[in-house]
Amino acid sequence: MTLKIYGIAASRTSRPLWVAQELGLDYEHIAQVYEGGATRTPEFLALNPNGHIPVIDDDGIVVWESMACALYLAERFQGPGGASLAAQNHAERAEILRWSFWAVTECEKDALTFLMHRIAMPEDRRKPELAQQADRRLAPVLQVLEQHLRARSYVAGERFTVADICVASVLAWAQRADAMTACPRVADWLQRCLARPAQLQVRVMAKRARPA
C-alpha cells in the first residue's frame with residue numbers, strides 16, 4: 001500500500017500533512033505546486049478535475065478538498081499504539097463534523113483575507129481596509145468558539161482530534177487579528193495546537209518549499 005499526498009506544505013495541503021505527521025504515517029509527499037498551470041495538466045486533472053491541491057491517493061482511493069483529506073486520513077489510519085485523531089463516539093463525531101465545517105463556512109474567507117492583506121502579499125498590493133473589515137467580521141464568529149472552549153480543552157472535548165487540526169489550520173491565518181486578541185481561550189488553544197511537533201514539522205516543510 002502506498003499513500004500519496006499531493007501539494008506543497010505552504011498551502012491547504014498543510015491540513016492532511018498535519019494529520020499524517022501526527023499519526024506518524026508512512027506516505028509519499030509529492031510537492032505539487034499550483035502556480036503556472038501546474039495543476040491543469042491532463043495527468044493532474046485525472047486526479048482532481050477541479051485542478052486544485054491537495055489530493056490524496058490511498059492505494060487507488062482518491063480524495064480531494066483539504067478538509068475532506070484531513071477527515072479521511074483521521075478516520076482511515078491510527079498512529080503508534082492505536083493513537084487516534086478520529087471520533088471515538090457519536091458525540092465526538094458530531095463535534096468534529098460541525099466545527100470542521102464551521103471553520104470553512106464561517107471563518108476561512110475572512111481569515112484568508114486578513115492574512116493576505118495584512119501579512120502575506122507585498123505591501124504595495126495590500127488593501128488595509130479589507131484586512132480591517134475581515135477582522136471586524138471575525139470578531140463575533142470567534143466569540144462562538146471562545147464560549148465553546150470555556151468547558152473543554154480542545155474543540156471536541158479533552159483530547160486533541162482532527163477537529164483541532166481543521167479549525168486551527170484556518171484560524172492560524174488570523175492569529176494576529178484584533179478579533180483573536182479579544183478571545184483569550186481561542187488564542188491559548190490555537191498556540192497549543194500550533195506548538196505541536198507535527199505542526200512544527202509541517203511548517204519546516206513549508207519553508208523548504210518557498211523560493212529563496
Side-chain angles (χ1 to χ4, degrees), residues 1-79 85-86 96-97 99-117 119-122 125-126 161-174 193-194 196 198-212:
M1 183 190 75
T2 302
L3 172 65
K4 298 178 181 178
I5 302 178
Y6 294 79
I8 58 172
S11 72
R12 290 177 176 87
T13 309
S14 63
R15 295 164 186 170
L17 287 173
W18 188 352
V19 174
Q21 291 295 127
E22 288 281 352
L23 295 175
L25 301 184
D26 183 14
Y27 66 96
E28 179 183 358
H29 179 210
I30 300 168
Q32 173 70 52
V33 298
Y34 53 86
E35 299 95 337
T39 59
R40 307 304 301 183
T41 65
E43 293 79 11
F44 190 80
L45 290 172
L47 286 170
N48 184 355
N50 300 293
H52 301 309
I53 55 173
V55 176
I56 60 175
D57 183 346
D58 177 21
D59 203 24
I61 299 174
V62 176
V63 185
W64 28 262
E65 293 299 328
S66 62
M67 293 297 191
C69 292
L71 293 168
Y72 174 84
L73 291 177
E75 288 284 344
R76 171 75 171 85
F77 296 103
Q78 291 185 337
L85 296 172
I96 288 170
L97 290 174
W99 287 103
S100 298
F101 286 113
W102 174 85
V104 174
T105 59
E106 301 290 340
C107 303
E108 188 170 52
K109 181 179 178 180
D110 286 322
L112 183 58
T113 297
F114 178 86
L115 174 72
M116 298 304 293
H117 289 280
I119 299 165
M121 290 198 303
R125 293 178 54 197
R126 297 178 194 173
T161 69
V162 67
D164 298 287
I165 291 176
C166 290
V167 180
S169 66
V170 173
L171 295 189
W173 297 342
C193 291
L194 297 180
R196 293 178 69 85
Q199 166 56 201
L200 295 175
Q201 183 58 41
V202 172
R203 295 214 295 273
V204 169
M205 295 165 67
K207 289 180 180 178
R208 288 173 179 168
R210 295 190 184 103

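Residue indices begin at 1 and follow the sequence shown. A quick note: this is a predicted structure, and the numbers were derived from the prediction, not measured.
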Next on the checklist: Keeping H117 on the side-chain end and L112 on the backbone end, is there a donor-acceptor pair under 3.5 Å?
Outcome noted: no

Checklist entry - Looking only at heavy atoms, which two atoms of S100 and A163 are closest? And how far apart? => result OG-CA, 4.1 Å

Checklist entry - Between L25 and Q78, which heavy-atom pair has the shortest distance, and what is it? => result CD2-O, 4.2 Å

Checklist entry - Does the pair N48 and F44 meet the rule for a side-chain contact (heavy atoms from CB on, under 4.5 Å), with working shown? => result CA-CA 6 Å; N48 184 355; F44 190 80; 4.1 Å; yes

Item to check | Short side-chain donor-acceptor distance under 3.5 Å, Y72 and E65 | outcome: no

Next on the checklist: Using the rule side-chain contact (heavy atoms from CB on, under 4.5 Å), only one of I56, D58, V63 pairs with R76; which is it?
Outcome noted: D58

Item to check | Backbone N/O of A9 and side chain of T13: donor-acceptor pair under 3.5 Å | outcome: no

Checklist outcome for this item: For F77 and L3, the nearest pair of non-hydrogen atoms, with its separation, is CE1-CD2, 4.1 Å

Next on the checklist: Once rounded to the nearest 0.5 Å, what's the spacing between atom CG of D26 and atom CD of E28?
Outcome noted: 10.0 Å

Checklist entry - Who passes side-chain contact (heavy atoms from CB on, under 4.5 Å) against E108, sequence neighbours left out? => result R12, R15, V104, V170, W173

Checklist entry - Which heavy atom of A103 sits nearest a heavy atom of V167, and at what distance? => result CB-CA, 4.0 Å

Item to check | Heavy-atom closest contact (P49 atom, W64 atom, distance) | outcome: CD-NE1, 3.9 Å

Item to check | Between CG on residue L200 and CH2 on residue W18, distance to nearest 0.5 Å | outcome: 9.5 Å

Checklist entry - Does the side-chain contact (heavy atoms from CB on, under 4.5 Å) test come out yes or no for C166 and W99, once each step is laid out? => result CA-CA 8 Å; C166 290; W99 287 103; over 6 Å; no

Checklist outcome for this item: Residue set satisfying salt bridge (charged side-chain N to carboxylate O under 4.0 Å, His left out) with D164, at least two apart, ordered chain then number -> none

Next on the checklist: Rounded at 0.5 Å granularity, tell me how far CD in E75 sits from CD1 in I96.
Outcome noted: 7.0 Å

Checklist entry - In Å, rounded to the nearest 0.5 Å, how long is the span from CD1 of I30 to CD1 of I5? => result 9.5 Å

Next on the checklist: Rounded at 0.5 Å granularity, tell me how far OG in S14 sits from CZ in R203.
Outcome noted: 10.5 Å

Item to check | Side-chain donor/acceptor of Q32 to backbone N/O of A38, under 3.5 Å | outcome: yes

Next on the checklist: Working note: L17 + Y27, criterion side-chain contact (heavy atoms from CB on, under 4.5 Å); need CA distance, chi angles, decisive distance, verdict.
Outcome noted: CA-CA 10 Å; L17 287 173; Y27 66 96; 3.7 Å; yes

Checklist outcome for this item: The reported gap from CE in M67 to CD1 in I165 (rounded to nearest 0.5 angstrom) is 10.5 Å

Checklist outcome for this item: Scanning both residues in full, the closest heavy-atom pair of G51 with T39 reads O-OG1, 2.7 Å

